[in-house]
Protein chains: 2
Amino acid sequence: MSDFAATALLERLSRVIHNDAHASGLKPTQWEALRFLARANRVSRSPGALTGFLGVTKGTVSQTLQALERKGLIEKTTADGDRRGVKLDLTPAGRTLLADDPLTDLDASLAAMPPEARDQLSTSLERLMTEMLARRGGRAFGACRTCRHFTRGHREGAPYFCALLRAPLSREESEQICIEQETTA
Amino acid sequence: MSDFAATALLERLSRVIHNDAHASGLKPTQWEALRFLARANRVSRSPGALTGFLGVTKGTVSQTLQALERKGLIEKTTADGDRRGVKLDLTPAGRTLLADDPLTDLDASLAAMPPEARDQLSTSLERLMTEMLARRGGRAFGACRTCRHFTRGHREGAPYFCALLRAPLSREESEQICIEQETTA
DNA sequence: TCCTTTAGTATCGAGTCGATACTGTCTCAT
DNA sequence: ATGAGACAGTATCGACTCGATACTAAAGGA
């Protein structure tokens, strides 16, 4: 039982975050799914990608998505190009609900901290996250722009380009979460 | 959607911790309960105290405790002095199981960090925790020794004393979690 | 003594979650 | 082209969480 102070604090903070996430008639997992879909790029808005992101089985994700659909927060359509796939999109109602995201509380608490302390925290958490992911072979799920397949100014219309999907990227897309993201080595 | 980087990281870390906590046939909440009972002092090893610690309803706690009892990890006895109360204690099996605590992974990851980074993290998390608790009027659940009712050397046998419960405290007890704990102002 | 508070349990309904089994769809090597 | 296997999702089960509500029993006060 070595137990650094940070371990207990993170455990407790996790619990607080979890408890808060029972707002607006959603469950914690449903909020996480909703947030992911709001931030994921086109190719990542699928049940499979969400499965990888949440780290649960596809069965669970399937049910969570059904719940969100029942509540009218997301919409399912057949993916174009592959009729096995399902494309997920937030409905206007889903987008509106995000304004009540209980995680806003955490943001507010962070805002109340001195900026250097906040930056320190981010840096340390990032390092810890990397450690944890390495320990289990999980993916980082970072933003498109931090990916090694990301290049700039390849075509006229779009400012960026994805070398893996061979697709042009808008500025907005470059900030989104991508399942294929691999941090630059 | 202000969203500091730390918010996303904490959300994600919470999920990782949650996922890991499905080990050894226990559920995340059961692990949390088990850990609490291992660290709580005499007066705090009750369903009521655990309810406050977890921040869920007493009904939920009641069921979780039944599950732990069924698995032979805890033992319930009537509290002495108040026949409504239930006293909780880990069984040897429960104590043994704690060696497989999935949170050990987090500890290991922290151990891999440079010491100063780790200390920075603790400090920042502590500050954040305080902020969050103030925002909702939650309790800190700190160690007995950090309480304002804690005094030293009051009686011959025991080195410390609780002014609230008017009870002598051993060195070990002074390190445990107490529901009545109020941080010194 | 009655009345209220307090500690905990019982039960319900919605949801999570792993496990397992299943239906389509795509892909590729023959 | 076609048949085998990989792949994307869904269906169902059982154990559990969790809030809500209703309940029992003991304690304590006026």
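Naming convention: chains lettered A, B, ... in sequence-line order (proteins, then strands); numbering from 1 in each chain.
Ion pairing between a basic and an acidic side chain is recognised when a charged N comes within 4.0 Å of a carboxylate O; A/R35 and B/E11 show such pairing. Looking at A/K76 and A/D89, no side-chain N of the basic residue comes within less than 4.0 Å of a carboxylate O on the acidic one, giving no salt bridge.
Both A/V61 and A/I74 are assigned to one and the same hydrophobic cluster, defined by single-linkage of ILVMFWY side chains at heavy-atom distances under 4.5 Å.
Atom pair B/H22:NE2 and C/dT16:P shows a separation of 12 Å (rounding to whole Å applied). The distance between atom CZ of A/R83 and atom P of C/dT23, rounded to the nearest whole Å, is 18 Å. Between B/L50 atom CG and C/dG8 atom P the separation is 10 Å, expressed in whole Å. Residue B/N19 contributes atom CG, which lies 11 Å from atom C1' of C/dT16 at whole-angstrom precision. Between the CD atom of B/Q66 and the P atom of C/dG8 there is a distance of 13 Å, rounded to whole Å. When rounded to the nearest whole Å, the span between CD of B/Q30 and P of C/dC17 equals 14 Å. Spacing between atom CD of A/Q63 and atom P of C/dG18 amounts to 11 Å, rounded to whole angstrom units. Summarising the geometry, the separation between NZ on B/K58 and P on C/dT6 is reported as 10 Å, rounded to the nearest angstrom.
Listed nucleotides C/dT9, C/dG15, C/dC17 differ in distance to B/S62; the shortest reach to its side chain belongs to C/dT9.
A donor-acceptor contact closer than 3.5 angstrom links the side chains of B/N19 and B/R15. Under 3.5 Å, the side chains of A/R135 and B/S109 contain a donor-acceptor pair of N or O atoms.
A nucleotide of DNA chain D counts as in contact with chain B when one of its atoms lies under 4.0 Å from a heavy atom; the first and last such, 5' to 3', are D/dC16 to D/dA27.
For the pair A/R118 and B/F4, the distance from NZ or CZ to the six-membered ring centre is under 6.0 Å and the angle to the ring normal is within 45 degrees. A cation-pi arrangement is found for B/R12 relative to A/F53, the charged atom lying closer than 6.0 Å to the ring centre and inside a 45° cone about the ring normal.
Heavy-atom distances to DNA chain C give each of A/G81 and A/T64 a nearest nucleotide, and the one nearer the 5′ end belongs to A/T64. Each of A/G25 and A/G59 was assigned the nucleotide of DNA chain C with the nearest heavy atom; the assignment lying further toward the 5' end belongs to A/G25. When the nearest nucleotides of DNA chain D are assigned to B/D82 and A/A49 by heavy-atom distance, the more 5′-ward of the two goes with A/A49. For the pair A/K76 and A/H18, both in contact range of DNA chain D, the more 5′-proximal nearest nucleotide belongs to A/K76.
Between A/H18 and B/H18, the angle of the ring planes stays under 30°, which puts this pair in the parallel group of the 30/60° scheme.
Under 3.5 Å, the side chain of B/R84 and the base of C/dT6 form at least one donor-acceptor pair of N or O atoms.
For C/dC17, one of the phosphate oxygens OP1 or OP2 lies less than 4.0 angstrom from a side-chain nitrogen or oxygen of A/T29. Distances shorter than 4.0 Å separate some side-chain N or O of A/K71 from OP1 or OP2 on C/dG15. Phosphate contact (OP1/OP2 of C/dG18, side-chain N/O of A/T57, threshold under 4.0 Å): present.
Within 4.0 Å of B/T51, counting heavy atoms only, lies no atom of the nucleic acid at all.
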